[in-house]
Amino acid sequence: MPHAARRDGSRRLRYGRLPHRARARLLHRDRVRAVRCTAVAARDLWGRPLRHPDSGDRRRGSPLRRVRHGRRRPRRTLEGAREACRGAESSRRLFDCGGGRGRGPRAQARPRAARSWRRRRVRLAGRPDPQAARARRGTGSASRRDRRARRAQSQGGRRAGPQERAAAQGGVDAGPQGCLQVMAQAKKITPRAQDFSEWYNDVIMQAELADYSPVRGCMVIRPHGYHVWELMQRALDDMFKATGHRNAYFPLFIPMSFLAKEAEHVEGFAKEVALVTHTRLKATGKTGAQAVMPDPASLLEEPLVVRPTSETIIYAMFAKWIQSYRDLPLLLNQWCNIVRWEFRTRLFLRTTEFLWQEGHTAHATEAEAEAEARQMLGVYRTFQEQWMAMPVITGLKTESEKFAGALRTYALEALMQDNKALQAGTSHNLGQNFAKAFGVQYQTAAGGLEHVWNTSWGVSTRMIGGLVMTHSDDNGLVCPPKLAPVQVVIVPIWKSEEERGQVLGVGDQVKAELVKAGIRVELDARDSLKPGAKYFEWEAKGVPLRLEIGPRDVAAGQVMTARRGGSKAPLKLDGLARTVATALDEVQAALFKAAYERREAHSIRGVTKQQFLEFMKGAGGFAYGGFCGSAACEGEIKQQTAATVRVLPDPEFRSPEGPKTCMWCGKPSVAEAVWAQAY
RNA sequence: CGGGGCGUAGCGCAGCCCGGUUAGCGCGCCUGGUUCGGGACCAGGAGGUCGGUGGUUCAAAUCCACUCGCCCCGACCA
C-alpha cells in the first residue's frame, strides 16, 4: 500500500525553504491547479463541458477529479514535510537539483560522476534507506519480501510481519544511522529459536544446498547439495552391491492402467500423480504464455503417468523375466527421480519432484521376502547412524501409515531439532499383491506354479533435509565429516606479498598431503575476502574442520585448527594427515552422540493420556506408550494432538517394561507405539 | 467462484496519491588501490522494455481500461 502511507499528507512539501528550482516547480504546479479549479464550475481549461468522472469520462486527470481529491486532503505542515523528506527519495532529488548537480553541462558530461556524488552524499548524511523509511511508517507493502515470508508460511512456518522481520534483520529502524547499521549487520540466518522453518530455509540457501525453481513445488539441487547426495549414493550403493543387488533403470512414464491394477496402490497415489496426455505443442498465433498449446490431435489414447514410484512397471517386467525358481531371488535397485504432486512443499522434505533410490526384489518364499525387507531396513539404519550421524528408531508402520499396496511397511524415524519426527526411509514387504496383479509367477522345483513374494525399499533426498535438521545450528549447516563435500578447508592468512607466497606454499603442501590421505580438502586462496569472511562462509556450508595458516604458523611449523562450532588449537605439521583424520572421526562420533542424547532428552516412555496431551502440547518429541491398534484411536489422537504413530518399535527400541493398556483408550495394548508430530 | 493485495536492477525496497530533472537506495556484482589472525575501506563502474497491451496527455513507472502472473482470506471439495 504505497499510497495509503501517505494519506496523512506528511509527504507534501510547501515552498518554504526549498531550493530555488524545486520551489519554482511547485509554485508553477499549484498555479496551474488553481486555474483548473476555477474551471470546475462548468467547463475545463479548454472550454469543453465537464462530465462526471463516472459517467464515461475516464480521464482521471480531469479537473473535477483533482479538485475532489484536493478537498479531502488534510492540510500539510512544513514540519510534516521535513519529517517525510528524511526518508523520501523524491525530496532528496529536489534538494540535490537545487544545487545544480543533477543537471547542467557538468552533469551531462559526466552523468555517472553526478550519481556517485549523490551516493556519497547520502552515505555521509546518514540518511536512512527506503526500507528504513518504510519501517518507520509502520506499513509494509506486500511484495517480494512478503511473498517469501508467505511461501515459508505455506510450507508450514509462521509468517513474520514486515516489522518483525525488519527487526530481526537488525537495526533498520534506527533512524539516521540506519544504513550504516544495515551495512554492519551480516547475520543472514534466522535463529532456530525464533522461527524453525525460516531457519531451515536460510541454512539451505546459505549453504547453497538448493534453490527454488521457476516451477512451483520443485527445487534445484545446487552443486554443494548434490555433492552430499552423491556421497550418500556412493555409500548406500556400495552397501546395496554388498548385499547382492544390481542397478537397473526403468522408464519415467508408466501406462495409466498399470496403476489401476493394484487396488490399494492406485488409491494411495491417485491424488498426486502427474499425467502426460499430449505429445505435441501447437502454435496458437498469440503471444506470451499462450503462444503454444497442446495439439488436440496429439492426445494420447491412454495417458502416461509420471512415476510416483515404480512398483507397477517393474513388476510388469519381472513377469517377463521370471519363469523358474532358478531366476530367484531377483534383486534390483534403481536410482531415479519421482514425481508426486504435493500441495505443501518444503525444500528437500517434500517437493513435487525428488531423487531417490528404489530397490525391488522378488523371492520364492514369504520368509525370504520378509528377511530382505528387514535386511534393507538394517542397511538404512547403518547408513543413517554411521554416515549421517542421525539416530533412528526402526519399526513397523500401522495399517493407516503403511505403503499403499504393501503387506507390511517398516520405517526409520528420526527426531529433528524442533522435536518433530522425520520418516527417513521405508522398507516394504509387498507380499504377493503385485505379483498377483501383474502375474509374476515362477515354476517351483516340484513343478508347481507360484506367485513371487516382493519387497521394495527406498530412501530419498529427503535425508538431506534430515541431515540439516539434525545437526545444523544458527551459523549454518553442520555436516558429519563422512558426508561433507568439503571435510577440511584451509584458510591462508597474509599481509605482504612475501607472506602470501610462504603461506600459500605451506597451504598447497598441506592440501596435497591431506588429499593423499583421502580427505576432501579445499584451499581457499581468494584474495577478495578477508579471512573472517571466509570462516563464516565455510561454516555456513558445514565444513567440519578448518585449518588456518598464517605467517606465525609458518614460522612455528604448525597450523591452527578450528572445529565447526568448537575452539581453536594449534597442530604440528608433522603427521598432520593422521591427526586430521582422527579429528574428523571424533567429530563424526560427537555429532551422533549429541543427536542421540538430544533425542533421548525429548523422549518420554510409558506415557499416560494426560502426560501425552501435555507432552504434545509442549515441546513435543517421541512418546512411547501402549496402543490398542484401532484406527479410531489413531484418528482421535491425530485430531487432538497432531501426533501420529511413527512406528511400533523393534525390540531394541522398546521400553524395558511393555505397556499393558492403550495409553489413550485404556483397552488392552497390542503393541508399544512411538508417537510424534511428524513432517 | 467471491473479496483483498502485490508485480520497478540478481535480492530486498523507495518513487505512483498530486504525470514533468538523467527512475533511485541498501546488499550483491565488476575494475583498481590500500587492507587481510572472525563478516574491510576508498575510488571508479556495470546492470532496468518500471509484468504486458491499449488509452488519456505536449509528456505516463505515476492517471484510466483490459490482460497475464503470484500471494492472502473466504466459499466449494475432501
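Note that this is a predicted model, so its numbers are computed, not measured. In what follows, every chain begins at residue 1, and chains take the letters A, B, ... in the order their sequences are listed.
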Rounded distance (Å) that lies between atom [atom2] of [N] and atom [atom1] of [X]:
{"X": "A:Lys638", "N": "B:A78", "atom1": "NZ", "atom2": "C1'", "answer": "13 Å"}
{"X": "A:Ile493", "N": "B:U35", "atom1": "CD1", "atom2": "C1'", "answer": "14 Å"}
{"X": "A:Arg564", "N": "B:G38", "atom1": "CZ", "atom2": "P", "answer": "17 Å"}
{"X": "A:Lys271", "N": "B:A78", "atom1": "NZ", "atom2": "P", "answer": "11 Å"}
{"X": "A:Gln558", "N": "B:G37", "atom1": "CD", "atom2": "P", "answer": "17 Å"}
{"X": "A:Ile189", "N": "B:G39", "atom1": "CD1", "atom2": "P", "answer": "17 Å"}
{"X": "A:Asp524", "N": "B:C36", "atom1": "CG", "atom2": "P", "answer": "18 Å"}
{"X": "A:Glu537", "N": "B:G28", "atom1": "CD", "atom2": "P", "answer": "12 Å"}

Base, sugar-phosphate alone, or nothing: which one does [X] contact when heavy atoms must sit under 4.0 Å apart?
{"X": "A:Arg526", "answer": "nothing"}
{"X": "A:Glu539", "answer": "base"}
{"X": "A:Lys534", "answer": "nothing"}

Contacts to RNA chain B from residues 502-511 of chain A, heavy-atom cutoff under 4.0 Å, which residues?
none
Strictly distance-based, threshold 3.5 Å: is any side-chain N or O of A:His224 a donor or acceptor partner for the main-chain N or O of A:Lys541?
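Judged by distance alone, yes, a pair lies under 3.5 Å.
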Ion pair [X]/[Y], N-O distance below 4.0 Å:
{"X": "A:Arg526", "Y": "A:Glu537", "answer": "yes"}
{"X": "A:Asp574", "Y": "A:Lys572", "answer": "no"}
{"X": "A:Arg564", "Y": "A:Asp473", "answer": "yes"}

Answer yes or no as to whether B:G39 has its base stacked against A:Phe536, where stacking requires a ring-centre separation under 5.5 angstrom and planes under 30 degrees apart.
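Stacked: centres under 5.5 Å apart, planes under 30°.
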Gap in Å between the two [atom1] atoms, one belonging to [N] and one to [M], rounded:
{"N": "B:C30", "M": "B:A46", "atom1": "C1'", "value": "7 Å"}
{"N": "B:G48", "M": "B:U34", "atom1": "C1'", "value": "33 Å"}
{"N": "B:C64", "M": "B:C18", "atom1": "C1'", "value": "16 Å"}
{"N": "B:G28", "M": "B:G12", "atom1": "P", "value": "15 Å"}
{"N": "B:G4", "M": "B:C41", "atom1": "P", "value": "47 Å"}
{"N": "B:G15", "M": "B:A43", "atom1": "C1'", "value": "28 Å"}
{"N": "B:A61", "M": "B:C1", "atom1": "P", "value": "33 Å"}
{"N": "B:G69", "M": "B:U56", "atom1": "C1'", "value": "26 Å"}

Respond yes when some side-chain nitrogen or oxygen of A:Lys530 is under 4.0 Å from OP1 or OP2 of B:G37, and no when none is.
yes
To check you understand the geometry: which heavy-atom pair defines the closest contact between [X] and [Y], and what is its length?
{"X": "A:Met219", "Y": "A:Ala210", "value": "SD-CB, 4.0 Å"}
{"X": "A:Arg563", "Y": "A:Val587", "value": "CD-CG2, 3.8 Å"}
{"X": "A:Phe269", "Y": "A:Leu259", "value": "CB-CD2, 4.3 Å"}

Can you sort out the partners of A:Lys568 under side chain to side chain contact (heavy atoms under 4.5 Å, CB included), two or more places apart, ordered by chain and number?
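Applying side chain to side chain contact (heavy atoms under 4.5 Å, CB included) to A:Lys568 gives A:Tyr535, A:Arg546, A:Glu548, A:Met560, A:Ala562.
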Look at the side chain of [X] and decide which nucleotide, out of [options], has an atom nearest to it.
{"X": "A:Pro551", "options": "B:C36, B:G38, B:G37", "value": "B:G37"}
{"X": "A:Met560", "options": "B:A40, B:C36, B:G37", "value": "B:G37"}
{"X": "A:Lys495", "options": "B:G39, B:C36, B:G38", "value": "B:C36"}
{"X": "A:Arg546", "options": "B:G38, B:A40, B:G37", "value": "B:G38"}

Counting Watson-Crick and G-U wobble pairs with both distances under 3.5 Å, what is the dot-bracket string for RNA chain B, 5' to 3', using [ ] for crossing pairs and | for pairs to another strand?
((((((((.[[[[.)....(...]]]].((((((.....)))))).....[[[[[..)....]]]]])))))))....
Counting only heavy atoms not in A:Glu267, do more than 12 sit closer than 6.0 Å to its CD atom?
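Not more than 12 within 6.0 Å, no.
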Is there a side-chain contact between A:Val488 and A:Val580 (heavy atoms, below 4.5 Å)?
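Sidechains of A:Val580 and A:Val488: in contact.
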Taking side-chain contact (heavy atoms from CB on, under 4.5 Å) as the criterion, tell me which of A:Lys495, A:Glu499, A:Arg500 meets it with A:Glu497.
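Exactly one candidate clears the test, A:Arg500.
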